[in-house]
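Shown next, in structure tokens, is the structure this report addresses.
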Amino acid sequence: MNQVSEKVDVCVVGAGHAGCEAALACARLGFETVIFTVSVDSIALMPCNPNIGGTSKGHLVRELDALGGEMGKNIDKTFIQSKMLNRSKGPAVHSLRAQADKAEYTRSMRKVLENQEHLTIRQAEVCEILWEEEDACQGKADISIKKGKKRIKGLKTYTGTIYECQCVILCTGTYLRARCLCGESITYTGPNGLQAANHLTDSLERLGIEMRRFKTGTPARMDGRSIDYSRMEEQLGDTPIIPFSFSTDPETVQKEQVSCWLTYTNQETHEIIRNNLDRSPIYAGIIEGTGPRYCPSIEDKVVKFADKERHQVFIEPEGIHTNEMYVGGMSSSLPEDVQIAMYRTVPGLEHCKIVRNAYAIEYDSINARQLYPSLEFKEIKGLYSAGQLNGSSGYEEAACQGLVAGINAALSIQGKEPLILDRSESYIGVLIDDLVTKENREPYRMMTSRAEYRLLLRQDNADLRLGKKGYQVGLVTRQDYEKLLKKEKLIQEEIVRLKATMVGAGRDIQSFLEAHGSSPLKTAASLAELLCRPELSYEMVADIDPGRKALPEAIWVQAEIEIRYEGYITRQKKQVEQYKKLEKKRIPEDMDYDAVPSLRLEARQKLKLFRPVSIGQASRISGVSPADISVMLVYLEHAVRNSNQSAISP
């Protein structure tokens, strides 16, 4: 029997949100790419919540879009409701969130993949990663591989086909040895009853990759005809609608939106749950994996927040052409009879009919400390990992990792330095740094509080922060980059104009200020100074700014934020400068931590385990103290000095 074999540049394992972005990035950069999925019908599947974005996640999608990713463009084409969250707070925490038509989102993304040049979709289960030791590569002059490392050769599918390639990107999501639990019922499948990937874990373990077991869950889906919406609070979308993608024309997304609904659990709901905890796989000890702290099941909420009389429940449509409604906030793994009883205690759900039961899903993931910030495995050249396999949760977190992994796989083939986004320039940088630097013992979720420099890392300026990097990589077109440069120029010109435009203390100005509840002027002031008053806005001062040109909203919003928060922004930029100094101090890959005198034992053990690439990364490892960092800095300085002296010695 002849074995089927193909040769490509990159293989992407998994076609969820991480896999789609990874494959598109590689193909768009000109590399022959194959994306594997256990089911073509699961491409860009949304097995849990039917939305994109949300608090901090909206930042991630905007950044992904600025770098040349697809998620923002796809949700702009397929959303059914859109909202900017946290509008009552400062711009640092404003986050866009869009309700998706699930079926249309998947269909649209699949169409993009199917029509992408250099990209092939393949329905097949990958069962083995093919590799060779460094010694087998002798004569290939690859000095980037240190002794003892492995190198990727390709992969093998369950049917025996071999794909030779230079890079493999693992984006397996929740499919590795997955099992779904609903009370006493256990099915060995992936999400939505799709086939699990049961053979790849063994191959990864043979490669020496440390695996762990995580879990997540999803709530029930209801027949919308059985819900009494009159007992709930209607949640409407925003008008006007703001698109996710910077390349989307705002006029094209203004459309009629569907409603979502808010209701609450109550003491009767909680009592039913408490009385049946022994039947929950979570509390009965059946589930081995660790679940997400920040997206707990309703059982966890009732147990851990026993003092709370009620919890929010969001009823969200799964699409325009279906009656299915998603019951957000009530994820569960309780048995079916308990689910029916507890859901029917919630106002508006008294006569609900379940279309799909809630369930928990367990799956294999890796310990992400085995990865560089480029998302390449430290000990396996050419193998990258992204998404929930890395121990994160969420579509947005997965997509961003997929994009970074795809870009870096392509750069690696080109012999270029990897794209490393740091904590001071992006939420994506915070996400990846947290994954590869910290001991994450539960699924990781992005939050605005995790970003130290969040005033600089706003969702509204993601294109200004990252557009140049996207262009340099090759995923942002020259035309879009020139538009970005023009936008930057207009913003700066408007800031300069507002600072230079003075208004006097005449009667008209005083009347204007009084009408808006603002204190009168004693002397002349610039429009920029007036914009620093919280009761005034750029739109308001138009009445006393006759020389103003008509500018797109995206321009004047940036100008207003830069002026209003100038003092805070300047202070945060100084903090970034200090941060950058530590990030620039690189640690040799073959650093012998046992040779560093005065380094504490715990720090020595943690540094040997994580192998940080810089002093900055080392400083964020739990168990490494500021004193340890000082010792490291002195040691590295002496090493550099001795090296320089040796170089000039006769």
Side-chain angles (χ1 to χ4, degrees), residues 6-40 42-45 61 63-75 77 105-124 126 152 154-155 157 161 163-173 245 247 374-376 382-387 389 395 398-416 418-419 428 466 469-481:
E6 290 191 32
K7 195 168 186 177
V8 295
D9 295 314
V10 181
C11 290
V12 178
V13 185
H17 303 284
C20 288
E21 298 292 349
L24 286 170
C26 292
R28 286 169 175 171
L29 292 174
F31 295 100
E32 292 303 321
T33 305
V34 179
I35 184 169
F36 296 88
T37 174
V38 293
S39 171
V40 174
S42 67
I43 291 174
L45 185 71
V61 181
E63 291 180 353
L64 178 142
D65 182 72
L67 289 167
E70 192 67 26
M71 178 176 270
K73 296 179 179 65
N74 202 53
I75 187 61
K77 291 184 285 187
Y105 186 93
T106 298
R107 191 179 299 116
S108 177
M109 186 66 84
R110 177 175 171 178
K111 184 178 180 181
V112 171
L113 266 64
E114 288 178 336
N115 290 282
Q116 177 60 51
E117 191 177 0
H118 303 299
L119 180 57
T120 301
I121 299 169
R122 185 75 170 87
Q123 180 168 297
V126 173
I152 286 300
L155 55 76
T157 69
T161 301
Y163 287 82
E164 295 179 43
C165 63
Q166 299 183 64
C167 292
V168 171
I169 307 173
L170 301 173
C171 305
T172 55
S245 176
S247 63
S374 64
L375 297 180
E376 183 180 29
L383 182 63
Y384 295 79
S385 181
L389 179 62
Y395 310 146
C400 290
Q401 292 173 66
L403 180 69
V404 170
I407 289 172
N408 284 327
L411 292 175
S412 174
I413 296 172
Q414 294 171 321
K416 296 180 180 179
L419 172 70
I428 298 176
L466 299 175
K469 289 183 183 291
Y471 174 67
Q472 290 171 337
V473 164
L475 292 178
V476 171
T477 66
R478 178 72 193 176
Q479 183 181 8
D480 284 341
Y481 184 56

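Quick caveat, the model's predicted, so the values are computed rather than measured.
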Exercise. Enter the distance from Leu389:CG to Tyr384:OH here, rounded to the nearest 0.5 Å.
Key: 15.5 Å
Exercise. Give the minimum heavy-atom separation between Leu419 and Asn408, together with the two atoms involved.
Key: N-OD1, 2.5 Å
Exercise. Show your reasoning for whether side-chain contact (heavy atoms from CB on, under 4.5 Å) applies to Val10 and Ile413.
Key: CA-CA 9 Å; Val10 181; Ile413 296 172; 3.7 Å; yes
Quiz item: Could you give the distance from CG (Asp65) to OG (Ser245), rounded to the nearest 0.5 Å?
Solution: 3.5 Å
Exercise. Begin from the C-alpha positions of Glu63 and Cys400 and carry the test side-chain contact (heavy atoms from CB on, under 4.5 Å) through to its verdict.
Key: CA-CA 8 Å; Glu63 291 180 353; Cys400 290; 5.7 Å; no
Quiz prompt | Thr172 side chain vs Gly14 backbone, donor-acceptor pair below 3.5 Å | solution = no
Exercise. Measure from the side-chain N and O atoms of Tyr163 to the backbone N and O of Cys11, and report whether any donor-acceptor pair falls under 3.5 Å.
Key: no
Exercise. Identify the two heavy atoms, one from Leu113 and one from Cys20, that lie closest to each other, and give their separation to 0.1 Å.
Key: CD2-SG, 3.9 Å
Practice problem: Can you measure from CG (Asp9) to SG (Cys167) and round to the nearest 0.5 angstrom? | Solution: 9.0 Å
Quiz prompt | Heavy atoms from other residues, nucleotides or ligands near NZ of Lys469 exceed 12 (cutoff 6.0 Å) | solution = no
Exercise. Measure across Thr106 and Ala44 and return the closest heavy-atom pair with its distance rounded to 0.1 Å.
Key: OG1-O, 3.2 Å
Exercise. Could you walk me through whether Val126 and Val168 pass side-chain contact (heavy atoms from CB on, under 4.5 Å), step by step?
Key: CA-CA 11 Å; Val126 173; Val168 171; over 6 Å; no
Quiz item: Measuring from Ile152:CD1 to Cys165:SG, what's the distance to the nearest 0.5 Å?
Solution: 7.0 Å
Quiz item: What distance do Met71 atom CE and Tyr105 atom OH have between them, rounded to the nearest 0.5 Å?
Solution: 4.0 Å
Quiz item: With no hydrogens and no angle check, is any side-chain donor or acceptor of Glu376 less than 3.5 Å from a backbone partner on Ala409?
Solution: no
Quiz item: Partners of Gln401 by side chain to side chain donor-acceptor pair (under 3.5 Å), sequence neighbours excluded?
Solution: Asn390, Ser392
Exercise. Heavy atoms only: give me the nearest Val476-Ala66 pair and the separation to one decimal.
Key: CG2-O, 3.4 Å
Quiz item: Is there a side-chain contact between Leu67 and Val473, using heavy atoms and a 4.5 Å cut-off?
Solution: no
Quiz item: Nearest 0.5 Å, what's the CG-CD distance between Leu29 and Gln414?
Solution: 6.5 Å
Quiz item: Between Leu45 and Ser39, is a side-chain contact (heavy atoms from CB on, under 4.5 Å) present by the stated rule, with each step listed?
Solution: CA-CA 10 Å; Leu45 185 71; Ser39 171; over 6 Å; no
Quiz item: Any idea which heavy atoms bring Ala124 and Thr157 closest together, and the distance?
Solution: CB-CG2, 4.1 Å
Quiz item: So, His118 side chain and Leu24 main chain: donor-acceptor pair closer than 3.5 Å or not?
Solution: no
Self-check item: Minimum heavy-atom distance Ala23-Ile35, with the two atoms named
Solution: CB-CD1, 3.8 Å
Quiz item: Under 3.5 Å, is there a donor-acceptor pair between the side chain of Thr477 and the main chain of Asp480?
Solution: yes
Quiz item: Are Arg122 and Glu6 within salt-bridge range, i.e. N to O under 4.0 Å?
Solution: no
Quiz prompt | Arg28: which of Glu70, Glu117, Glu21 passes salt bridge (Lys or Arg N to Asp or Glu O under 4.0 Å) | solution = Glu70
